[in-house]
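Quick caveat, the model's predicted, so the values are computed rather than measured. Throughout, protein chains are lettered first and strands after them, A, B, ... in sequence-line order, and every chain is numbered starting at 1.
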Amino acid sequence: MNIAVITKIVPDTEARLTLASERVDLSSVEMVINPFDEYGLEEALKIKDSDENAKVCVLMVGPESVRKQVVSCLALGADEAVVIDDEAIDGGNPLAVAEVLAAEVKKLDSTLVFAGKQGVDYDWGLTAIAVAQKLNWPHVGVVKEFTPDFAAGTFTAVTEADEGDLTFTGSLPAVITAEKGLNTPRYASLKGIMKAKKKPFAVHKLADTGVDATAVGADQARLEEVQAAHPPAREPGRIIEGEEVLDRVCELVRVLREEAKVL
Amino acid sequence: MAKTLVYLEAKGDELKKISREMMTVARMLGDSAAGVISTGSDAALASAGKLGLKKLANLAPENGKLYAAEAFAAELAKLVEAEAPAYIIFGQTNLGRDLAARLAATTGVGYMSDVTAIEPGEPPTFVKPLYAGKIIGKFRFKGEPPHILTIRPNIFSPSDATGAEVATETVQPDYTSARSVLTSIAEKAAGMIDLREATVIISGGRGIGEAANFQMLFDFAEKTGAAVGASRAVVDEGWIEHAHQVGQTGKTVNPTLYIACGISGAIQHLAGMQTSKCIVAINTNESAPIFKVADYGIVGDCKEVVPLLLEEILKSRG
Ligand SMILES: Cc1cc2nc3c(=O)[nH]c(=O)nc-3n(C[C@H](O)[C@H](O)[C@H](O)COP(=O)(O)OP(=O)(O)OC[C@H]3O[C@@H](n4cnc5c(N)ncnc54)[C@H](O)[C@@H]3O)c2cc1C
Ligand SMILES: Nc1ncnc2c1ncn2[C@@H]1O[C@H](COP(=O)(O)O)[C@@H](O)[C@H]1O
């Protein structure tokens, strides 16, 4: 059984971001595996733990310079990695990226695709669902509990919504996007790190995927970023002073009622 | 002006507040809106019928099948064909974002998630926070309509019912063609307010001290009608469930009042709550970063401050 994990790289969540010509300048920012994708990868590795025939392949559309981050997925236990690096792909358009990922997933003959619920960069939450649509597979998103039944070719997945917990049932193959809490990602072992260097790591061009460049070019994008800016800073607040704790609390309640008018 | 299509949401017999917020956005972008909802409740349907829609379709549940992205997207695609809306508006909710993305992937039209502001113009500019709110991004749709957007809850003011009533058309989605189906909803315990809908949130971090002290926050929440939030540190400690986590890998919230108790104010936490109208921080360390975003701060032990605060709030309410 083959399982694909699709993952992207995003700026480290601690990173300070700067602007150049009204766009975010990522040239000197530390990039990491998208945090939600780590839960997707862990879910795939859990299946591999219980089925020695399962193979986990990591797929990423991105620059070849992501090697370090992708190898970190191999160190955790994934078997192979494919990075699709081609200037002809409009990396900012989730539908274009999905087209390429779907083509690679087809070649793998996988039973499952795991992804993150969203990239913590632009929070689109679109790419994985578009992969499902292009493969004509079902998708369940923001999953916090996943139970496959490979013998029956079915699964159940639970997601948390405003209404309460939602339980989905579906058939395999499927695309599942992970919410934090789905599992607890493992750490890489020294042995894993040593082995990772020898695992298959392919860099594909668009031509290798069989996708036509006209389908994934920048002219296909239906959304255009016109400006990126820093948000206005919040006005500096005020520390409530007072002799006793109770004095401070009373003053707080007063200002919340009278100034902020939020009580 | 243009036509719009809104995907309304209900919870039991009630329309969700986000549905009224979507109506506001629909009026900003167009002069007539058609609506789609999926509910088994006549009361919810009747409320939706009074929102001032030109047309309303109910994607009816069937034998415990409550939602199916593939089947719903197929029905929506038909409606889009018939109505030719310029914009299709969803809420940035669990099912809203799922269906919006599925429809975008099905039809290949433009898609923008989590909109927090719209600047008028030809074409209008849509605004959303990027990189966990560190950046504000502005976007425009290109090419032929329709365009899909999801709107962040609690940002746009909710529209009132207009009084005029529209009849509902029942649409039976083809659930047999869907390979993943929502089959059950385990409703939240009574009194549990969803973080994303709450007007007041009291959140606890590691400074709370221990798991048992969360009871103090639940007590506060229960007596004041607030919801309880948490930092990731305490979720990872197992002091409280992930559903309560606020931040980049938790929930994004916009309450009127956010009270951070024993939370340091890490960038990933701020990402989830910095658009709150009023932020109060209670922290023993006067140089904790949370005080930089707080409107009001108390330097003190939250175990001492929170019970007093509850008492004083209840007193002030009489
Ligand atoms: C990829 C990634 C994603 C993340 N996502 C999130 C997220 O979604 N949400 C989130 O919250 N974090 C997130 N984090 C974690 C974040 O970086 C911080 O580690 C976390 O927010 C810290 O939680 P805390 O403020 O409760 O704890 P601490 O940072 O330990 O702060 C505790 C605070 O309590 C104060 N304190 C101590 N005792 C008392 C007392 N008796 N009374 C009052 N105050 C007291 C201390 O002065 C201190 O400021 C993420 C991190 C990463 C790497
Ligand atoms: N360039 C990419 N390569 C591989 N997977 C991706 C890529 N972009 C997005 N994904 C996957 O799709 C999910 C949703 O991303 P997004 O639509 O950008 O929010 C991510 O969590 C990844 O699992």
**Message:** I'd like to know if the side chain of Lys128(B) reaches the main chain of Tyr122(A), judged simply by a donor and an acceptor atom lying under 3.5 Å from each other, with no hydrogens or angles considered.
**Reply:** yes

**Prompt:** Do the charged groups of Lys46(A) and Glu43(A) touch, with an N to O distance under 4.0 Å?
**Reply:** yes

**Prompt:** Is there a donor-acceptor contact under 3.5 Å from the side chain of Asp247(A) to the main chain of Glu244(A)?
**Reply:** yes

**With sequence neighbours excluded, residues passing side chain to side chain donor-acceptor pair (under 3.5 Å) with Lys134(A)** = Glu99(A)

**Asked** So what's closer than 4.5 Å to chain A heavy atoms on Gln248(B): side chain, backbone, both or neither?
**Response** both

**Fill in**
Pair count under 4.5 Å, heavy atoms only, with chain A: among Ala68(B), Ala266(B), Gly143(B), Ser184(B), highest is Ser184(B)

**Message:** Heavy-atom pairs under 4.5 Å with chain A - which of Thr249(B), Leu257(B), Thr256(B) has more of them than the others?
**Reply:** Thr249(B)

**Message:** Heavy-atom pairs under 4.5 Å with chain B: which of Thr127(A), Val140(A), Leu252(A), Val131(A) has the most?
**Reply:** Leu252(A)

**Request:** Flag the one option from Thr106(B), Val305(B), Asp301(B), Ile267(B) with the top tally of heavy-atom pairs under 4.5 Å to chain A.
**Result:** Thr106(B)

**Asked** Can you say whether Ser177(B) sits under 4.5 Å from chain A via the side chain, the backbone, both, or neither, judging by heavy atoms?
**Response** neither

**Prompt:** What part of Ile279(B) lies closer than 4.5 angstrom to a heavy atom of chain A: side chain, backbone, both or neither?
**Reply:** both

**Prompt:** Salt-bridged, Arg238(A) to Asp295(B), with N to O below 4.0 Å?
**Reply:** no

**Request:** Measure from the side-chain N and O atoms of Asp123(A) to the backbone N and O of Tyr131(B), and report whether any donor-acceptor pair falls under 3.5 Å.
**Result:** no

**Message:** Please check this pair: side chain of Glu119(B) against backbone of Phe126(B), looking for a donor-acceptor N/O pair closer than 3.5 Å.
**Reply:** no

**Item:** Euclidean distance, Phe139(B) CZ relative to Met112(B) CE, rounded to 0.5 Å
**Value:** 5.5 Å

**Prompt:** Using non-hydrogen atoms only, which part of Glu9(B) is less than 4.5 Å away from chain A: side chain, backbone, both, or neither?
**Reply:** side chain

**Message:** So which residue, Gly108(B), Ala69(B), Gly137(B), ends up with the most heavy-atom pairs under 4.5 Å with chain A?
**Reply:** Gly108(B)

**Item:** Proximal component of Glu312(B), with respect to chain A [non-hydrogen, under 4.5 Å]
**Value:** both

**Asked** Given the options Gln274(B), His147(B), Lys292(B), which has more heavy-atom pairs under 4.5 Å with chain A than any of the others?
**Response** Gln274(B)

**Item:** Heavy-atom proximity to chain A below 4.5 Å, by part of Ala10(B)
**Value:** backbone

**Asked** Which answer fits Thr125(B), side chain, backbone, both or neither, if we ask what part of it has an atom under 4.5 Å from a heavy atom of chain A?
**Response** side chain

**Message:** Using a 4.5 Å heavy-atom cutoff, which residues in residues 142-159 of chain A come close to chain B?
**Reply:** Val142(A), Phe155(A), Thr159(A)

**Fill in**
Ranking Arg102(B), Lys11(B), Glu144(B), Glu70(B) by heavy-atom pairs under 4.5 Å to chain A gives rank one to Arg102(B)

**Prompt:** Can Asp114(B) and Arg152(B) be counted as an ion pair, charged N to O under 4.0 angstrom?
**Reply:** yes

**Message:** Can you tell me which portion of Thr93(B) sits under 4.5 Å from chain A's heavy atoms? Options are side chain, backbone, both or neither.
**Reply:** side chain

**Prompt:** Does the distance from a Lys or Arg side-chain N to an Asp or Glu carboxylate O, for Glu160(A) and Lys251(B), drop under 4.0 Å?
**Reply:** yes

**Asked** Taking atom types as modelled, is there a side-chain donor on Asn136(A) or Arg179(B) under 3.5 Å from an acceptor on the other?
**Response** yes

